[in-house]
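Working notes, structure below.
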Amino acid sequence: MTAVTHPDIRPRINSVASDDLNAAERERIHAKSALFAPPEARLADGRRDLVGLSREELAALMTDIGEKPFRAKQLWHWIYHQGATDFSAMTTIAKPMQAKLAEHFIVSRPETATEQTSVDETRKFLFRFRDGQEAETVYIPDRREDRGAVCISSQVGCTLSCTFCHTGTQKLVRNLGPAEIVGQFMAARDSYGEWPSPSADMPRYLSTIVLMGMGEPLYNYENVAKAMRIIMDGEGIALSRRRITLSTSGVVPMMDRCGEELGINLAISLHAVTNDQRDQIVPLNRKYPIEELIAACRRYPAASNSRRITFEYIMLRGINDSEADARELVRLIRDLPAKVNLIPFNPWPGSNFQPSTRQQLAKFANIVMDAGFASPIRTPRGQDILAACGQLKTESERQRRTVSGDA
């Protein structure tokens, strides 16, 4: 791949506005997503997993077994505030009721197939789900404070095929369900002993969530949204929406919905500043070009000076790291509340890219900073255990019929 010149953003023939087009696109995305639906969260013996259910679904299950809906509130507290997985540990519930619950239900975690800790204390989990499929989750501790971010996966594999990304070389197998998404965070908390949930005035070691692991979260929006609502519920895990960031490669029709319904922070995997360039690096751009992506960022309701949109930009030597690229990036985001994360490329087996030089990284960052945007150069973490940005991949293989075309 060679560096490209910087023509004006090329016109797209169909620029029909948005609402009808977005509604139709959302329907198409939902229909495609259904083809990769997760398996039902139920054991072979018929017991239902309570993790991943909404409060309403939990109350309905209690009614189904002849119990009062208030039981749902008790269970919610024990599952999401206390972190209990055994009904016998739920001491505010009478023993006969504990036995009845155990007869019908389970409170599960994904199986930890492997757990690796890097020399820099980054920790990577390979989680195995009930059907044998796997996904990776990474905890990245802050270098200065006793806190850190849990990087959560939303799919097994990925459908986007971004050329710099190791994860993108693993074809999409299926979406993760709400129990599997919430379960990653809960299992990470198990590993660090962070139960019960810290109250608002207490420090949290696992303080933030970034939906930046395997998969494109907006191609699995329903399951991701349900999981995030559970995590944000004030009587359980109680993580603020300001502490959750969803990273997307630019699924424009779903960005508006995410902003309106969840109001969590937004990160954009931009990585290039012209359509010709981004078409090569992030193929999704052929469907939702830069001008549509930036327009969706302007509409994002949760964006403000205190909650800036983060633009992720991986620095590829001789591809997208010139001073001209930096100036074009500034032009693109000039009227947005934004920051730019510059990410040194993390090599992986079989990749053809090279990381930008330190000198070029510094030149690029200075141009962006001089324009008034924060542009930290991200320090690679967990490289020795392949836990850095773009390095996640498992051995899970597609086991359903192939669906033609991109999602």
Side-chain angles (χ1 to χ4, degrees), residues 1-18 21-22 25 158-169 216 218-219 247-255 266-299 309-336 338 340-348 350-357 360-361 363-365 367-368 371 373 375 389-390 405-407:
M1 187 183 299
T2 57
V4 296
T5 56
H6 291 242
D8 290 335
I9 291 178
R10 64 176 179 264
R12 300 281 164 157
I13 299 172
N14 242 335
S15 63
V16 181
S18 32
L21 185 59
N22 273 354
E25 273 289 281
C158 188
T159 190
L160 296 182
S161 303
C162 298
T163 54
F164 60 83
C165 181
H166 196 205
T167 311
T169 64
E216 165 54 67
L218 293 184
Y219 275 152
S247 177
T248 178
S249 291
V251 185
V252 168
M254 303 305 297
M255 288 169 62
L266 184 68
I268 301 297
S269 294
L270 187 64
H271 309 309
V273 292
T274 68
N275 281 314
D276 286 344
Q277 187 186 60
R278 196 166 187 263
D279 283 354
Q280 298 175 62
I281 298 173
V282 184
L284 182 66
N285 194 72
R286 298 166 192 164
K287 189 170 295 181
Y288 308 117
I290 288 176
E291 60 270 30
E292 293 179 18
L293 175 56
I294 296 299
C297 290
R298 291 194 187 99
R299 295 192 301 269
I309 293 174
T310 300
F311 287 89
E312 306 280 351
Y313 197 94
I314 198 150
M315 298 290 288
L316 304 171
R317 187 185 304 183
I319 304 295
N320 64 351
D321 64 347
S322 70
E323 290 94 319
D325 289 309
R327 288 189 287 272
E328 179 64 8
L329 174 58
V330 166
R331 189 191 72 78
L332 281 174
I333 66 174
R334 64 183 181 273
D335 57 349
L336 285 167
V340 178
N341 271 350
L342 299 178
I343 307 169
F345 173 65
N346 297 303
W348 42 269
S351 64
N352 296 318
F353 295 106
Q354 292 182 302
S356 299
T357 64
Q360 199 60 29
L361 270 166
K363 287 180 185 177
F364 196 105
I367 290 170
V368 179
F373 297 99
S375 57
C389 180
D406 292 333

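Worth knowing before you read on, the calculation uses all heavy atoms, side chains too, and leaves out hydrogens, waters and symmetry mates.
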More than 12 heavy atoms of other groups within 6.0 Å of Asn352 CG
no

Output for pair (Ser356 OG, Lys363 NZ), nearest 0.5 Å, gives 11.5 Å

query = Looking only at atom types and distance, does a side-chain atom of Arg327 sit under 3.5 Å from a main-chain N or O of Ile367, one as donor and one as acceptor?
reply = no

Taken to the nearest 0.5 Å, the spacing of Gln277 CD from Asn320 CG works out to 5.5 Å

Note to self: Please determine whether side-chain contact (heavy atoms from CB on, under 4.5 Å) holds for the pair Leu336 and Phe311, giving the CA-CA distance in whole Å, both sets of side-chain angles, and the decisive distance to 0.1 Å.
What the structure shows: CA-CA 11 Å; Leu336 285 167; Phe311 287 89; 3.8 Å; yes

*asked:* For Phe164 and Asn346: C-alpha separation, side-chain torsions, deciding distance, then whether side-chain contact (heavy atoms from CB on, under 4.5 Å) applies.
replied: CA-CA 9 Å; Phe164 60 83; Asn346 297 303; over 6 Å; no

When every non-hydrogen atom of Pro355 is compared with those of Arg317, the smallest separation belongs to O-NE, 2.9 Å

>> Is it the case that the side chain of Asn275 and the backbone of Ile290 share a donor-acceptor pair, with hydrogens and angles ignored and the cut-off at 3.5 Å?
In response: yes

Rounded to the nearest 0.5 angstrom, the CD1-SG distance for Ile309 and Cys297 is 4.5 Å

So OH of Tyr219 and OG1 of Thr159: to nearest 0.5 Å the spacing works out to 7.0 Å

Note: Leu160 and Ser249 closest approach over all heavy atoms is CD1-OG, 3.4 Å

Correct closest heavy-atom pair for Lys287 and Glu292 would be O-OE1, 4.2 Å

Check: Asp279 main-chain N/O paired with Arg286 side-chain donor or acceptor under 3.5 Å: yes

Those residues at least two apart in sequence (or on a different chain) that pass side chain to side chain donor-acceptor pair (under 3.5 Å) with Glu323 are Gln360

Practice problem: Test Ile268 against Thr248 for side-chain contact (heavy atoms from CB on, under 4.5 Å), laying out the working first. | Solution: CA-CA 5 Å; Ile268 301 297; Thr248 178; 3.8 Å; yes

With sequence neighbours left out, the residues meeting side chain to side chain donor-acceptor pair (under 3.5 Å) with Ser247 are Ser269

CE of Met255 to CG of Leu293, rounded to nearest 0.5 Å, is 5.0 Å

Of all heavy-atom pairs linking Phe345 and Phe353, the shortest is CE2-O, 3.3 Å

A side-chain contact here means heavy atoms from C-beta on lying under 4.5 Å apart; do Ile281 and Leu316 qualify? yes

For Phe364, the ring pair (Phe, Tyr, Trp, His ring centres under 6.0 Å) test, sequence neighbours excluded, returns Tyr313

Shortest non-hydrogen pair, Arg278 vs Leu270, comes out as NE-O, 2.8 Å

Scanning both residues in full, the closest heavy-atom pair of Leu332 with Ile294 reads O-CG2, 3.8 Å

dist Met315:CE -> Asp321:CG (nearest 0.5 Å) comes out at 5.0 Å

